[in-house]
Amino acid sequence: MKQPDTFDPGRHDAHSETATLLSRREFFRITSGALSMAAVPAGLAQTADGAAIDAVLPAHVQLTINGQTRSVDIDPRQSVLDVLREVLGLTGTKKGCNQGACGACTVLIDGKRVLSCLALAAMHDGASITTIEGLAQNDRLHPLQAAFVDHEAFQCGYCTPGQIMSGIGCIAEGHARSVDDIRFWMSGNICRCGAYPGIAAAVAEAAGRKEA
Amino acid sequence: MIPFRLQKVRTEVDAIAAARAGGRYIAGGTTLVDLMREEVERPERLVDINALPLGGIRTEDDQLVIGALARMSEVAAHPDTLRLQPLIAEALIEGASPQLRNVASIGGNLLQRARCPYLRMLDAPCNKRVPGSGCAAIGGVNVGHAILGASAHCAATHPSDLAVALVALDATVRVRGPAGERSFPVELLFRLPEATPHLEHTLQPAELIIEVRVPHDASARHARYLKVRDRSSYEFALVSVAAALHVEKGVIRTARIAAGGVGTRPWRMRASEQALVGRAPDRASFEEAAQRSLDGARPLSGNGYKAELLPRTMVRALEMTREVV
Ligand SMILES: Cc1cc2nc3c(=O)[nH]c(=O)nc-3n(C[C@H](O)[C@H](O)[C@H](O)COP(=O)(O)OP(=O)(O)OC[C@H]3O[C@@H](n4cnc5c(N)ncnc54)[C@H](O)[C@@H]3O)c2cc1C
Ligand code: FES
Ligand code: FES
């Protein structure tokens, strides 16, 4: 499924939503069984051959994002990244490769740095998520954000939210003991502009060791 | 991604029943979600096994027991892993990225799928994806492919670093399925492609990996993993070697060697091991043993360099085992 770049509520009508939540075969069985989708209540659906379908209408999850608890109805195919960006409008977290290869989508889930593009939101009910939007306290930047500014640790800035979230994880794990250490433990975050020296220096500074 | 249903299970019995009904297990999802999005994998039911009590790391005597749902980062940092099997920690840390390792499970790591680019190209022939469609790699781009164990139908390597270490260490895997429980060497989890490259492992339908057991051995403390790749981290191996040596009074008593990036499955190097036993742990013995790693090697058009890189990597990995104090 190609995800639209922006969330378009017009495309998210009840009919297509219901359809995506049933397996394709079940969808065809139901529609060919002349049941209108609107008449299929959640949890009580029956296929044409009479077998009951589990309750799969919008997967419902509760996520605590940057300290705020939100209840969202999602399509089971949606990643945490897509829910953040397209459902909740938190576009600070970036989509680079959407394949787990670039690190642009890094967020903290339950305190650990992870790739939100490979995390199915439906598997994260009850999770606590920190994104780049949750770091600054009012107008005060998080120390690692400030260090990124001081060290000009970016050029285009696209990888930056992921770098910062990953850097927070890297420091918390105790893997920011030297610039070499940082380079290895930050290697899951690709920067196409090549701002690596600044990134390593910023992480080192925020970790309290100005070896760069 | 095609639509699917997600079922969360709390017990192994429920998990196995759900898989028997056509469900596909999902743990960290770092292989599966990616390939589902590409529509290489098209499961209609997913069985989320993360609530099963299969996490954790423990020891039984000097045996290291790693739960199937333990995460790569957790296993790599665990004091028991570092104390008993530092090779496993090293192989884990050399794989993937910190973010991936925080969610990727041990069971999923062993069952991750090949990284052959044609597996993902829906318009290219690939016997793994569409049995009988052909192999685009054998006559195409095959720089990353296997020189050992390929057939006329497939030459993809197995990408796991962990598996290479486990095969060298004679680890076993414990699985549970509709017919009960069984244990067997990790090495036998992986199939050669032969005429059926789409069959990658030897698990029976609905079998669930429970844990991996790593026996203790006198060589365990002198064990290293060397991974050669296109960049210095966060990349799959071109060639990797796991090596462990037990040396007594200047003579090699036990040698354990396996290689990654060169075989269609993690490749135990028994001829090289045999060549080392009874010899002095020096460069000459290492070089002679390393030449035996090429027994049966058949390079393709683009991967001939691996026939040079493999013995060199092995010599260096063997030397590194001597640097551990
Ligand atoms: C960009 C990138 C780079 C990577 N680099 C490396 C690398 O250098 N080295 C390396 O070794 N790996 C690498 N990986 C692969 C990564 O380690 C695997 O994706 C991960 O270990 C899979 O674990 P998972 O829990 O996420 O598996 P999942 O995606 O959840 O599952 C994978 C498969 O295993 C099955 N499965 C999972 N658990 C069980 C179980 N208990 N019993 C039975 N079946 C089960 C699933 O059904 C599925 O078929 C990389 C991945 C990415 C995306
Ligand atoms: S967008 Fe998630 S790793 Fe690239
Ligand atoms: S600043 Fe441009 S990709 Fe990193």
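Chain naming here is simple, since letters A, B, ... match the order of the sequence lines and numbering starts at 1 in each.
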- Applying side chain to side chain contact (heavy atoms under 4.5 Å, CB included), run through Gln99(A) and Arg120(B) and close with a yes or a no. CA-CA 12 Å; Gln99(A) 297 188 331; Arg120(B) 294 167 170 264; 3.7 Å; yes

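- Using a 4.5 Å heavy-atom cut-off against chain A, the contacting residues of residues 15-29 of chain B are Ile26(B), Ala27(B), Gly28(B), Gly29(B).
- To the nearest 0.5 Å, atom NZ of residue Lys112(A) and atom CG of residue Asn102(B) are 6.0 Å apart.
- Closest approach of Leu118(A) and Val33(B) over heavy atoms only: O-CG2, 3.7 Å.
- Remark: side-chain polar atoms of Tyr234(B) are paired, donor with acceptor, to backbone N or O of Ala101(A) under 3.5 angstrom.
- The stretch residues 158-184 of chain A participates, sequence neighbours left out, in these ring-ring contact (aromatic ring centres under 6.0 Å, His included) pairs: His175(A)-Trp185(A).
- Most heavy-atom pairs under 4.5 Å with chain A: of the set Ile93(B), Val103(B), Thr31(B), Leu46(B), this distinction falls to Ile93(B).
- Listed options Cys117(A), Gly169(A), Cys170(A) were ranked by heavy-atom pairs under 4.5 angstrom with chain B; first place goes to Cys117(A).
- Scanning all heavy atoms of the two residues, the minimum distance from Arg37(B) to Asn98(A) falls at NH1-O, 2.9 Å.
- Counting all heavy atoms, side chain and backbone alike, Met1(B) lies closest to Arg77(A) at O-NH1, 3.1 Å.
- The minimum heavy-atom distance between Leu6(B) and Ala122(A), with the atom names listed, is CD2-CB, 3.5 Å.
- In terms of heavy-atom pairs under 4.5 Å with chain A, the best-connected choice from Ser232(B), Pro98(B), Ala77(B) is Pro98(B).
- Residue Arg83(B) places its CZ atom among more than 12 non-hydrogen atoms of other residues, nucleotides or ligands, all under 6.0 Å distant.
- Rounded to the nearest 0.5 angstrom, Ser73(B) OG and Arg113(A) CZ are separated by 9.5 Å.
- Within the 4.5 angstrom heavy-atom criterion, no atom of Ile109(A) approaches chain B.
- For Glu38(B), the part sitting under 4.5 Å from any heavy atom of chain A is the side chain, from C-beta outward, and nothing else.
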- For Asn189(A) and Gln99(B), run side chain to side chain contact (heavy atoms under 4.5 Å, CB included): C-alpha distance rounded to whole Å, both residues' side-chain angles, the deciding distance at 0.1 Å, then the answer. CA-CA 9 Å; Asn189(A) 291 78; Gln99(B) 291 99 311; 2.8 Å; yes

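- Interface residue Ser187(A): backbone and side-chain heavy atoms are both found under 4.5 Å from chain B.
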